[in-house]
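The next block holds one structure in the form of structure tokens; read it before the comments.
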Amino acid sequence: MLMRIGGTETASLDEVWIEVKNPATGELIDRVPAGRNEDAALAVDAAEAASGSWKKKTMRERGMILFRAAEKVREQHKDLARLLTMEQGKPLHESIDEVRGYANILEFYAGISAHQSGEFIRLGSSGDGLVVREPLGVCGAIIPWNMPVLIMGWKVGPVLLAGNTLVLKPASTTPLTNIRLAKILDESGLPPGVLNVITGRGEEAGEGLVRHPGLRKISFTGSCATGMKIRELASHHLKEVTLELGGSDPMIVLNDADVDRAVEGAVRGRFYNAGQTCTAVKRLYVQEAIAEVFIRKLKERTSTLNVGNGLGPKTDMGPLNSSGQRDLISRAVEDLRENDHGTIITGGCALKGKAYEQGWFYRPTLVTDIVPGSPLVTEEIFGPVLPVMTVPNLETAIREANNSRFGLGASVWTSNMHSARKAFDEIHAGIVWVNRHLTIPPEIPFGGVEGSGIGRENGQDALDSYSRTKSLVMGW
Ligand code: NDP
């Protein structure tokens with residue numbers, strides 16, 4: 001597939017390519033241009049050229065285009081989901097959820113477009129004030145490979161509705177569904193240049209985009225290291241940033257929780273998308289009195305998970321997205337073994353056998369008896385490995401939950417509303433769930449505190465973050 005700049009399909013200036021492979025089979029699916037600095041500059045120019053007329057449209061007109069695109073995405077959801085599974089690896093049912101989630105986001109923003117207005121302020125007898133919102137200009141979005149469709153929605157919906165134009169750079173392992181979705185937006189009436197997609201390596205096309213002086217804001221989702229680099233580069237022209245940098249979400253299960261429901265929550269929370277989700281359950285704290293039965297049930301349920309090609313009808317968990325990601329997980333588990341940092345009670349290795357030879361599969365893994373300070377708990381483990389710790393009470397659980405440089409999400413599982421309220425008040429996180437984990441509806445602002453990032457996606461918050469106020473004062 002080709003990049004989309006100014007509404008047309010283009011190869012990179014020097015015709016170099018990136019191969020996109022199926023992580024379950026290693027097969028080549030397609031190739032995309034390895035865009036360079038110069039391609040990023042062309043895309044920003046196209047976005048700049050489209051900016052003037054796009055911002056003059058009413059919000060309702062912009063919303064109608066998002067709405068039409070959402071309709072088309074729903075019509076094509078099976079094909080889009082299949083493509084997503086082929087490039088990303090996740091089971092087809094998860095890809096279908098993700099594609100529908102993308103349509104939900106566009107519809108949410110299309111829906112609120114009818115309710116946007118400014119503010120009128122009376123300034124006594126001698127004057128009145130008017131406050132309106134205006135777009136920032138050309139924005140950039142750099143997205144990762146774990147949830148490429150949903151995260152594209154988080155950026156595209158509010159950026160375009162607010163009247164900005166956009167240059168989007170997908171991850172190099174998962175650009176294909178993003179390009180198809182951009183084409184659908186174009187076919188839904190988006191004027192040429194309003195949304196441009198450049199493919200290419202992060203250090204080249206990505207940095208070229210962030211460095212470009214014509215960009216007013218960059219929205220990034222991915223690793224802490226890359227996020228910090230982007231923030232530094234963006235500071236040179238005082239560009240605004242939204243950074244979603246992952247987390248180490250704790251899940252706390254108290255004695256009065258519904259154990260079976262919590263077991264299901266933990267399995268989905270950790271093994272959904274093979275554990276490659278920023279808000280996955282990355283540390284599990286279970287209260288002592290139920291620990292034995294909870295861990296037994298969790299182990300039983302985990303061992304029933306069917307790991308395989310995401311296109312298979314019975315697959316619960318697909319491969320990791322790349323060899324690099326599987327190596328990171330293997331290494332983390334090997335370090336744990338070598339340093340005697342914990343007990344692996346199930347999993348703990350790659351899958352073997354003919355069906356798994358060419359793919360990046362890893363067994364769903366549970367670890368207990370974790371030594372305090374083990375990297376399995378202090379670092380973000382982006383794969384299907386779940387450390388389970390026991391705690392005497394809620395206070396200790398909250399203290400442990402907060403003992404992290406991250407602060408994205410957290411969940412507490414309990415039937416006591418006071419415990420739930422205490423956890424909500426005291427855990428450092430951008431979102432706290434009670435008796436569930438992972439769900440992020442488009443209405444709910446989402447983002448982290450501390451090491452998990454800056455700014456919010458979703459809801460009115462995201463829309464506001466892609467615009468600024470402009471004030472008028474009138475004297476009589
Ligand atoms: P990165 O943060 O490096 O990649 C995310 C996106 O940023 C990709 O589009 C990538 O492009 C791009 N990028 C990379 N380097 C630069 C740069 N210098 N300037 C601009 N853009 C850049 O993550 P990785 O893919 O390397 O994953 C590493 C770890 O990051 C994971 O193990 C996980 O812990 C964490 N992560 C967290 C995510 C989250 O949702 N919070 C999502 C993905 C990863 P390209 O693909 O071409 O490299």
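In each ligand, atom 1 is the first atom listed, and ligand 1 is the first ligand listed. Owing to the predicted nature of the structure, the values given are computational and were not obtained by experimental measurement.
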Exercise for the section: State whether the side chain of Ser330 and the backbone N or O of Asp327 hold a donor-acceptor pair below 3.5 Å, judged by distance alone. Expected result: no
Handout entry: Donor-acceptor pair, side chain of Asn309 and main chain of Ala24, under 3.5 angstrom
Key =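 Absent.
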Which is closest to [atom] in terms of heavy atoms, [options]?
atom: atom 37 (C) of ligand 1; options: Gly140, Gly222, Gly35; value: Gly222
atom: atom 41 (N) of ligand 1; options: Gly324, Gly246, Ala280; value: Gly246
atom: atom 11 (O) of ligand 1; options: Met147, Lys169, Arg201; value: Lys169
atom: atom 7 (O) of ligand 1; options: Phe406, Phe220, Phe382; value: Phe220

Report, in ascending order of atom number, the atoms of ligand 1 lying under 4.0 Å from any heavy atom of [X].
X: Ser172; answer: 45 (P), 46 (O), 47 (O)
X: Ile143; answer: 6 (C), 8 (C), 9 (O)
X: Cys278; answer: 39 (C), 40 (O), 41 (N)
X: Asn146; answer: 40 (O), 42 (C)
X: Pro144; answer: 42 (C), 43 (C)
X: Ile142; answer: 6 (C), 7 (O), 9 (O), 12 (C), 20 (C), 21 (N)
X: Gly200; answer: 47 (O)
X: Glu380; answer: 33 (C), 34 (O), 35 (C)

Practice task
Give a yes or no on this: more than 12 heavy atoms of other residues, nucleotides or ligands lie within 6.0 Å of atom CZ of Arg456.
Solution key: yes
Practice task
May I ask whether Ser322 places a heavy atom under 4.0 Å from ligand 1?
Solution key: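 Not so, Ser322 does not reach ligand 1.
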Handout entry: Ala205 to ligand 1, any heavy atom closer than 4.0 Å
Key =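 Not so, Ala205 does not reach ligand 1.
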Problem - Close aromatic pair by centroid cut-off 6.0 Å: Trp433 and Phe446 - result: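 Ring centroids of Trp433 and Phe446 are no less than 6.0 Å from each other.
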Problem - Name of the residue among Asn196, Asp186, Thr199, Thr10 meeting side chain to side chain donor-acceptor pair (under 3.5 Å) with Arg4 - result: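 Result for side chain to side chain donor-acceptor pair (under 3.5 Å) with Arg4: Asp186.
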Practice task
Grab the two heavy atoms, one from Asp249 and one from Ala280, that are nearest each other, plus how far apart they are.
Solution key: CB-O, 3.3 Å
Handout entry: Minimum heavy-atom distance His237-Pro213, with the two atoms named
Key =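 It is NE2-CB, 3.7 Å.
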[atom] [closest protein heavy-atom partner, distance rounded to 0.1 Å]:
atom: atom 18 (N) of ligand 1; answer: Glu207 OE2, 2.9 Å
atom: atom 13 (N) of ligand 1; answer: Gly202 CA, 3.5 Å
atom: atom 16 (C) of ligand 1; answer: Thr226 CG2, 3.4 Å
atom: atom 30 (O) of ligand 1; answer: Ser223 CB, 3.0 Å

Ligand 1-proximal atoms of [X], by part, heavy-atom distance under 4.0 Å:
X: Leu328; value: side chain
X: Gln325; value: side chain
X: Leu209; value: neither
X: Pro170; value: backbone

What I want to check is whether the side chains of [X] and [Y] have a donor and an acceptor closer together than 3.5 Å.
X: Thr85; Y: Ser95; answer: yes
X: Ser219; Y: Lys155; answer: yes
X: Ser248; Y: Arg283; answer: yes
X: Gln88; Y: Asn273; answer: yes
X: Arg301; Y: Thr304; answer: yes
X: Thr173; Y: Asn321; answer: yes
X: Ser188; Y: Lys72; answer: no

Problem - Asp45 and His212, any side-chain heavy atoms less than 4.5 Å apart - result: yes
Problem - Trp145-ligand 1 polar pair, N/O distance under 3.5 Å - result: yes
Exercise for the section: May I ask whether atom 26 (O) of ligand 1 is less than 4.0 Å from at least one protein heavy atom? Expected result: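 It does not: no protein heavy atom is found less than 4.0 Å away from atom 26 (O) of ligand 1.
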Problem - Heavy-atom protein contact below 4.0 Å for atom 4 (O) of ligand 1 - result: no
